[in-house]
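Position 1 is the first residue of the sequence, and the numbers go up from there.
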Amino acid sequence: PLDPMHFDFQGLMPGAYALFAFALGAACGAVLGRSVVAMAATLGGFLVVRLPVEFLLRAHYMAPVTVRSALAATTTGGGVQLTSADVPQGAWVLSNVLVDGSGHSVSSDLPAICPPPAVKVPGATETVTRCLSDHGIMTQVVYQPADRYWPFQLIEAGIYLTLTVALVALAVWWVRRRLV
């Protein structure tokens with residue numbers, strides 16, 4: 001549910017986006033006084049607000065959950081695959097990296113630290129698992145749990161409704177100022 005492709009089109013968000021866009025259009029129309037220019041400014045202004053909220057703010061409405069877990073190697077048809085503890089279903093995964101015991105990323109160094117053995121070698125998975133354990137390599141997953149869907153909806157809708165009220169106030173003030 002927190003996946004941006006679903007979050008933006010469900011719950012409170014379509015209504016909050018529509019109210020904000022309407023208020024932005026009204027404010028642009030009142031201030032600019034030219035319809036086509038106001039429509040272009042409305043589209044640009046909507047994107048200027050909407051994109052940073054989605055890509056920069058939303059992930060930080062609440063502190064994400066960070067989980068570290070040990071890795072295990074399993075054999076697949078094409079080689080050895082690393083597996084770790086599962087993230088709860090529906091969670092929005094913000095990052096998933098391999099770290100050493102001090103929390104430094106080792107994803108790019110992993111082949112040098114624990115070289116992958118040939119698949120046909122007996123005990124290949126145990127060798128990789130032991131190497132990962134010996135070097136303290138774990139997976140670190142940072143995510144927002146799915147049960148934060150409604151709090152996130154309320155927070156983001158609140159942001160857009162606050163902006164809507166400010167834009168309506170600006171439009172009313174601007175029109176009254178021009179009439180006086």
Side-chain angles (χ1 to χ4, degrees), residues 1-21 46-164:
L2 290 173
D3 177 1
M5 292 306 295
H6 295 103
F7 185 88
D8 296 338
F9 302 106
Q10 296 176 356
L12 304 173
M13 298 322 304
Y17 295 152
L19 288 173
F20 169 69
F46 184 80
L47 293 176
V48 163
V49 172
R50 170 93 169 68
L51 295 177
V53 167
E54 179 178 346
F55 295 111
L56 300 176
L57 295 180
R58 186 180 295 161
H60 306 288
Y61 291 159
M62 299 173 93
V65 176
T66 302
V67 176
R68 286 188 185 170
S69 61
L71 289 162
T74 56
T75 305
T76 63
V80 176
Q81 180 180 355
L82 300 177
T83 59
S84 65
D86 291 330
V87 174
Q89 185 175 3
W92 178 21
V93 176
L94 303 174
S95 72
N96 186 355
V97 295
L98 297 177
V99 295
D100 61 16
S102 59
H104 297 99
S105 176
V106 295
S107 297
S108 59
D109 303 331
L110 190 60
I113 296 170
C114 295
V119 179
K120 304 282 186 197
V121 175
T125 57
E126 292 81 9
T127 303
V128 173
T129 301
R130 189 174 329 105
C131 179
L132 294 169
S133 177
D134 290 348
H135 287 91
I137 297 173
M138 300 177 281
T139 183
Q140 176 176 292
V141 181
V142 178
Y143 67 92
Q144 293 287 0
D147 63 357
R148 294 184 179 174
Y149 174 78
W150 283 110
F152 275 39
Q153 285 270 318
L154 290 170
I155 291 167
E156 192 160 318
I159 291 169
Y160 282 102
L161 293 178
T162 301
L163 292 172
T164 298

**Study point:** N/O donor-acceptor pair under 3.5 Å between Gln144 side chain and Met62 backbone
**Key:**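 Side chain of Gln144 to backbone of Met62: a pair is present.
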Not counting sequence neighbours, list each pair that qualifies as a salt bridge (charged side-chain N to carboxylate O under 4.0 Å, His left out) and has a residue in [range].
range: residues 96-106; value: none
range: residues 136-154; value: none
range: residues 47-63; value: Asp8-Arg50, Asp8-Arg58, Arg50-Glu54, Arg58-Glu156

**Study point:** Partners passing side chain to side chain donor-acceptor pair (under 3.5 Å) against His104 (at least two apart in sequence or in another chain)
**Key:**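 For His104, the residues satisfying side chain to side chain donor-acceptor pair (under 3.5 Å) (neighbours in sequence not counted) are Ser102.
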When rounded to the nearest 0.5 angstrom, what distance separates [atom1] in [X] from [atom2] in [Y]?
X: Leu94; Y: Thr66; atom1: CG; atom2: OG1; answer: 8.5 Å
X: Thr139; Y: Asn96; atom1: OG1; atom2: CG; answer: 4.0 Å
X: Trp92; Y: Tyr149; atom1: CH2; atom2: OH; answer: 13.0 Å

Check your understanding: Who are the ring pair (Phe, Tyr, Trp, His ring centres under 6.0 Å) partners of Tyr143, not counting sequence neighbours?
Key ->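 For Tyr143 there are no ring pair (Phe, Tyr, Trp, His ring centres under 6.0 Å) partners, ignoring immediate neighbours.
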**Study point:** Those residues that, when tested against Phe152, pass ring pair (Phe, Tyr, Trp, His ring centres under 6.0 Å) (two or more places apart)
**Key:**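 For Phe152, the residues satisfying ring pair (Phe, Tyr, Trp, His ring centres under 6.0 Å) (neighbours in sequence not counted) are Tyr61.
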Exercise: identify the closest heavy-atom pair between [X] and [Y]:
X: Pro14; Y: Gly11; answer: CD-O, 3.7 Å
X: Leu2; Y: Pro145; answer: CD1-O, 3.2 Å
X: Leu47; Y: Pro52; answer: O-CD, 3.8 Å
X: Pro1; Y: Ala146; answer: CG-CB, 4.0 Å

Practice item. For the pair Val141 and Val93, evaluate side-chain contact (heavy atoms from CB on, under 4.5 Å) and give the outcome as yes or no after the intermediate values. Key: CA-CA 7 Å; Val141 181; Val93 176; 4.1 Å; yes
Review point. Do the rings of Phe20 and Phe46 sit parallel, tilted or perpendicular, given the 30° and 60° boundaries?
Key: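 Aromatic pair Phe20/Phe46 classed tilted.
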Check your understanding: Can you find a heavy atom in the side chain of Tyr160 that is under 4.5 Å from one in the side chain of Val49?
Key ->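 They are in side-chain contact.
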